[in-house]
Amino acid sequence: MKAIRRFTVRTVLPEPLRQLEELVLNLRWSWHHETLDLFSAVDPALWEAVRHDPVRLLGEVAPERLERLAEDRRFLRRLQDTADDLREYLTAPRWYQSRFGGDEREPGPACIAYFSPEYGITAALPQYSGGLGILAGDHLKTASDLGVPILGVGLLYRHGYFSQSLSPDGWQLERYPPIDPNGLPLTLLRERDGTPVRVRIGLPKGKSLQAQVWIAQVGRVPQLLLDSDVEENEPLARDVTDRLYGGGGDHRLLQEMLLGIGGVRAIRAYCRITGHAEPEVFHTNEGHAGFLGLERIRELVSDAGLTFDEALEATRAGTVFTTHTPVPAGIDRFPRDLVARYFGGTNETEQVPLERVLALGAEDYPGGDRTVFNMAVMGMRLAQRVNGVSRLHGRVSREMFGGLWGGFDTPEVPIGSITNGVHAGTWVAREVLEFTARELPAVLESGRGWEGVRDVSAAEIWRMRRMLRHRLVTDARRRLRESWRQRGASEAETSWIDDALDPDVLTIGFARRVPSYKRLTLMLSDQDRLRSLLLHPERPVQIVIAGKAHPADEGGKRLIQDIVRFAGSEDVRHRIVFLPDYDMALGQLMVQGCDVWMNNPLRPLEACGTSGMKAALNGGLNLSIRDGWWDEWYDGQNGWAIPSADGLAAPDRRDELEAAALYELIEDHVSVTFYDRDSAGLPRRWLEMVKHTIATLGPKVLATRMLRDYVEDLYVPAAASERAMVAVEFAGARALAAWKRRVRDAWPRVAVEHVESKGEESPQVGARLSVRVVADLGGLEPGDVAVEAVYGPVDDSDTLVDPSRLELEYDGPAEDGKVRYAGEVPLGRSGAFGYSVRVVPDHPLLSGRAEMGLVALPPAPQGMTNGDLR
Ligand SMILES: *Cc1c(COP(=O)(O)O)cnc(C)c1O
């Protein structure tokens, strides 16, 4: 018989063991090995059986065992030490406190709210599907380690993301095991009188959606997770948070309304009840949470009496938006009518008119689709600061979203980049961390001293690498056996698995989600060629593969099936394996155990990629297309770059060329270096590359570097902008909104009337070009604009390449109410040179002069002069 309702009964711990609960409830254990050791000591066999899940451990441990531990003096001492260590970790000042402590002029933001639809904290909390969630998890953990006052906001999915298995013929099967929040390290947010908090958001037809709020404690960082599975909701509404990125259309939109609007309300409740500082900065991790801006506008209009435009300025100033993908399918777009249905009718509020909502998500630029509502576009309009996640991705995003800043050339589109990083405590093998702590104590703490790795003995590193590879092989065999048994193979049919993979063979890892741009099956392009690499008599290669296809992606499932079928062939099955159910636990095993981390996306569609960074920190070498982070940091010594044929239009031909290059690299370079041994059996050249990788990439790929960049480049400036808007009853926001309206109204009349320059008759390097301009400001004041000369080298079509800017000086009035500007442009280098001038809006509360997308240029080609400089 099936149970109609399931729940988890929590163990009551004997008094002396009470602190165990405190330790379990703080997810710091997910990256703190001493705490994990303590859990293991509770019952080592059970710890393995529950797959290192401490809540399950405490739920299933026998009461007699607990009674015994409650009298075990050594265990109790250890428990006390571990609990003390956690308390110290939670309260002692860390990087953020020393960076901002005491500096009155520039206090850091008191709180930063970080919104993400998914979080990868630990395999025991399956609330992530891929890179976006893992990054969010690493962001929170690192914030905790650095003492950055972040408050995370997300949804709690009752079925999380699916767990993957295979059918007998290699087709992906999905299971959604239910999650009981009472069986997770979460506590319910309650009012002071004990009643659970309800967050409510309005729906059409006078209905509403309610949610309770779970708190996960990620070290020092609280994380609020909204959960719609409460009795007050109708059955459909209860299912809003049933699974990650569930369904399409309505379901997805409701999830995002709950995350954005409900998320802000959950923060307000949490701060009111606990006294936690209110956020000054809101960080939107991708477009899904974008509605948070609408809710903050509504609050300001209704509580502070601002107009929509004033509230918009105040909201934008404190908002940071991070875009994560250049793949169109990865960007949330809803039918415009659907959004109108949910934000209009009886659900429309006076403070946030539907027409304003729709305008924020409109693709009203050339090439846009007028029938959609684009969440990324709204995110950018609601945030004064926007970034991509690697240098190349920043460039691609400026191109992709440039339409929002109409008048500006791509390089000036105000989208920056902060390259992702990874959380060492989570991804680096414990033995490597301990080894590092022993050999190079300062390394992980300070981010300095990485060069010291070059002095470590090659034999030691090799021993470590072999140990990690060996562990991967052992665990891979177990997983393989389990998978084959589950697919229906008999014990006799799986006996070959005892010898599958070899702990001394060059091991290549490939694990990722399976959207088509990641090209899971590129390695199968020439199966005979691949076979010969795997079966090479002296220099064999083995490949470990994992990855989940999105449940609705039949194409992706077919790719997995192709790989599974190839890997099942009798001649190669001991050298190439597909391990089902890629999650954080399998990810950790693979990035630690593989010698080479392979990545072959279609450039430039991989925004950053982080799994290769995890491999690098463990002493793995990357073999990758120059995309995302690898485009930035590949240096010729730290791995191999697969040449990309990204200019090529024909996709099949491109695949063929890139696959051929991949095979050649593996055969002629990767495996030759790996198997080139000295008299002691060590691959000297390989180990040099490993050391070089750790020494040079180590400090860059750490999430501590990433988070400091976010703090310094985005959070602190955003907080400053926010304060400037809010101070003195929102005087800044009111002034900026009024000024923007005035500028927008006047702009059609703003013009560069006349440009003349002196000094181009015999131009020489070192000389100056004197530029004079007459401009019509259309009724604006000189203080409202900046007039700039833009100059530098030009290409054959007279386009300025990587130009410099010089602000011209106001030079008094001209006739008919016009104004003069002048300046001296330096001729700094020889060759074809050109310049132009422009008028742009300028105000101290703008984040930059491109912010409004407005620019007035001279009538072509009048302002342009070319000359050959000598
Ligand atoms: C790191 C990681 C990812 C993201 O890796 P990419 O290189 O961006 O594909 C996805 N899933 C898991 C389980 C990971 O550990």
Side-chain angles (χ1 to χ4, degrees), residues 30-31 116 118-139 141-142 160-164 244-245 285-286 322 324-327 330 388-390 392-393 419-429 472 479 508-520 522 544-550 556 579-594 596-618 620 622-633 639 697 701-703 706:
S30 67
W31 72 97
S116 176
E118 51 171 307
Y119 288 93
I121 306 282
T122 153
L125 268 179
Q127 301 280 314
Y128 58 91
S129 72
L132 182 73
I134 304 285
L135 180 80
D138 281 7
H139 200 94
K141 292 171 180 174
T142 308
Y161 202 51
F162 69 91
S163 73
Q164 177 197 52
L244 188 48
Y245 304 136
N285 193 37
E286 193 47 272
T322 303
H324 281 269
T325 179
V327 181
V389 291
S390 69
L392 177 60
H393 178 234
T419 305
N420 286 340
V422 298
H423 183 250
T426 300
W427 299 108
V428 179
L472 168 63
R479 288 168 184 265
I508 299 181
F510 187 101
R512 43 194 37 91
R513 292 180 303 113
V514 190
S516 54
Y517 79 87
K518 295 205 184 228
R519 293 191 296 188
L520 172 68
L522 187 73
V544 181
I545 305 160
K548 289 176 175 177
H550 187 279
L579 304 179
D581 208 20
Y582 180 42
D583 68 355
M584 288 181 73
L586 179 53
Q588 284 163 332
L589 188 75
M590 288 180 67
V591 296
Q592 292 167 11
C594 289
V596 172
W597 198 254
M598 188 163 92
N599 193 16
N600 47 236
L602 274 172
R603 188 179 192 272
L605 297 182
E606 180 96 305
C608 179
T610 52
S611 50
M613 298 180 173
K614 303 169 193 167
L617 280 180
N618 283 288
N622 278 270
L623 166 62
S624 174
I625 297 272
R626 290 191 72 154
D627 200 2
W629 75 281
W630 192 236
D631 181 64
E632 205 164 316
W633 290 333
L697 286 180
V701 303
L702 282 186
M706 167 182 78

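Read the numbers this way: they start at 1 and go in the same order the structure lists the ligands and their atoms.
The contact shell of ligand 1, taken as protein residues with any non-hydrogen atom closer than 4.0 angstrom, comprises G130, G131, I134, W427, R512, K518, Y582, D583, M584, G609, T610, S611, K614.
Between G421 and T610 the shortest heavy-atom distance is O-CG2, 4.4 Å.
Of the options W630, W597, W633, W427, a side-chain contact (heavy atoms from CB on, under 4.5 Å) to M613 is made by W633 and by none of the others. Evaluated for a side-chain contact (heavy atoms from CB on, under 4.5 Å) with L702, the options L697, D138, L617 yield exactly one hit, L617.
Summarising the geometry, atom CE belonging to M598 is positioned 8.5 Å from atom CZ belonging to R512; distances are rounded to the nearest 0.5 Å.
Looking only at distances, a side-chain donor or acceptor of D627 sits under 3.5 Å from a matching main-chain atom of E606. Without hydrogens or angle criteria, Q164 side chain to G547 main chain gives a donor-acceptor distance under 3.5 Å.
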